[in-house]
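Values reported hereafter were calculated over all heavy atoms of this structure, with side chains retained and with hydrogens, waters and symmetry mates removed.
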Amino acid sequence: GKPHRAGKPAPRRRSIVGRLIGALFGLLTLVLIVGAIAGYAAYMRFSADLPDVEGLRNYQPPVMSRVYAGDARPIAELATERRIFVPYAAIPDMVKHAFVSAEDQNFWIHRGVDPVAIVRAGLTDLAQYGQGRRPVGASTITQQVAKNMLLDNQVSLARKAKEAILAIRIEVALSKERILELYLNEIYLGLQSYGVAAAGQAYFNKSLDQLTIAEAAFLAALPKAPNNLNPFRYPDAARARRDYVLDRMAEDHAITLAQAAAAKAEPIVPSQFRRPEPVPGADWFAEEVRRRLIEQFGPEATTQGGLMVRTSLDPALQETAERTVHDGLIAYDRRMGGWRGPVAHLDAVTGPRSDWNGALGQVTRPPGMLASWKL
């Protein structure tokens, strides 16, 4: 017979390899088809009954109303949320850069959902699994707008899915500038302040155009945990998070490395906003104004409509009237035998006058007494 030639591949082995490749290709195709069907079914389920995003085009966040005396002195602020609305063009670029770097570095290029951030967060959470650390978030600024303005704060996969769908729809309906404007005016930043303008006042008693790089970075650090980053209570945590934001800003080339280093060297010096001293005796007048505003415009417009109300109140006359009525009532009480015995008894106090003032300050003043205790 003919001799056998060594090294020639067996036809049977080729057939097995081909079948395996074909089977794997078929399995992959089946997985893709099933995944697409499941994804479409999930989309149809979670997208049902979602709120309409078109309303965000002309949306104006709730803004507090102010009541002024006849000489333009403020006598009352009426608000459910303390917010000062600032249009996009009036927000300094440094403030915009700080929040984008801190919250959503790819904001200007993604379409509502950031796959890169999702993968990065997933890998980080996997590496930190079992260490008791808080999971790393991957929500974009657009997703936060969807959650804060169109959804609730329920923690669930269903809410996250709805949030992502709405974020994609928002990106189609609105410009990036409008989305960022809504976010910067809506976000809660602690100290009863909503939006960056109110927060600038609450923490530094400054308008937005007066903020330094370090102060803008601190405000951008707050959305994650405003109560736990309160510089009045947790200065070390506040500074650490601020420095992290400065690093992100330098990484994004929003500031230079030298600017970041200089800003990190600055301490956080909060200067809580102090409202102007109220007009004496104007509280009852302001309450009557509030009631009449509600009757005329309704409660929502009164506390959320940003009304600017100028009244006929004359502070000088009001203070004189308040003092006259008070003194008249005291005189009448004395004429009618108003002595009712001592208000309280104090132990003998020795030392300077300040010691007496301190002891008297602990005694509750009788109703109707306006002035402080006097020696």
Please check if the side chain of Arg111 supplies one atom and the backbone of Ile168 the other of a donor-acceptor pair under 3.5 Å. no

Looking at Pro231, is its backbone amide N or carbonyl O close enough to the side chain of Arg239 to form a donor-acceptor pair, meaning the two atoms are under 3.5 Å apart? no

Do the charged groups of Glu171 and Lys176 touch, with an N to O distance under 4.0 Å? yes

Quick one: do Glu295 and Arg292 make a salt bridge, cutoff under 4.0 Å? no

I'd like to know if the side chain of Asp71 and the backbone of Arg73 have a donor-acceptor N/O pair within less than 3.5 Å. yes

Atom CZ in Arg66, atom CG in Leu307: separation rounded to 0.5 Å? 11.5 Å

Do you reckon Phe99 sits in the same ILVMFWY cluster as Ile213, going by side-chain contacts under 4.5 Å, direct or chained? no

Backbone of Tyr68 reached by a side-chain donor or acceptor of Thr311 within 3.5 Å: yes

With ILVMFWY side chains joined below 4.5 Å, transitively, what does Ile294's cluster contain besides itself? none

Testing the basics here: between Leu150 and Asp52, what is the closest heavy-atom pair and its distance to 0.1 Å? CD2-O, 4.4 Å

Step-by-step side-chain contact (heavy atoms from CB on, under 4.5 Å) determination, Met94 to Met249: CA-CA 10 Å; Met94 189 56 63; Met249 294 175 70; 3.5 Å; yes

Do side-chain atoms of Ser101 reach the backbone of Ala98 as a donor and acceptor pair under 3.5 angstrom? no

Please report the closest heavy-atom contact between Phe232 and Ser271, naming both atoms and the distance. CZ-N, 4.5 Å

Quick one: closest heavy-atom pair of Gln144 and Ser139, and the distance? NE2-O, 3.9 Å

Spell out, as yes or no, whether a donor-acceptor pair under 3.5 Å connects the side chain of Asn185 to the backbone of Pro87. no

Looking at Arg291 and Glu287, is there a salt bridge between them, counting it only when a charged N and a carboxylate O are closer than 4.0 Å? yes

Counting distance only, does the side-chain N/O of Arg178 pair as donor-acceptor with the main-chain N or O of Ala173 below 3.5 Å? no

Would you indicate whether Trp284, at its atom CH2, is surrounded by more than 12 heavy atoms from other residues, nucleotides or ligands within a distance under 6.0 Å? no

Between Ala167 and Thr142 the two heavy atoms that sit nearest each other are O-CG2, 3.5 Å

Neighbour count >12 (heavy atoms, 6.0 Å) for atom CD, Glu251: yes

Electrostatic pair Lys96-Asp93, nearest N-O below 4.0 angstrom: yes

ILVMFWY cluster, Val309 and Leu313 together (side-chain gap under 4.5 Å): yes

Looking only at heavy atoms, what is the nearest atom pair of Tyr88 and Glu181, with distance? N-OE2, 2.8 Å

Rounded distance [0.5 Å steps], CG in Leu78 versus CZ in Arg290: 7.5 Å

Hey, is CD on Glu300 packed in by over 12 heavy atoms from elsewhere, all under 6.0 Å? no

What donor-acceptor contacts under 3.5 angstrom involve side-chain atoms of residues 195-205, with partners at least two apart or in another chain?
from   : atom 1 : to     : atom 2 : distance (Å)
Gln201 : OE1    : Arg82  : NH1    : 3.4
Gln201 : OE1    : Arg82  : NH2    : 3.0
Tyr203 : OH     : Leu189 : O      : 2.7

Contact summary for Ala221 and Arg242, nearest pair of heavy atoms: CB-N, 4.1 Å

May I ask you to check whether over 12 heavy atoms, not counting those of Arg57, lie within 6.0 Å of atom CZ? yes

Does the pair Asp104 and Gln143 meet the rule for a side-chain contact (heavy atoms from CB on, under 4.5 Å), with working shown? CA-CA 10 Å; Asp104 188 0; Gln143 286 178 266; over 6 Å; no

Any donor-acceptor pair under 3.5 Å from Arg310 side chain to Gly70 backbone: yes

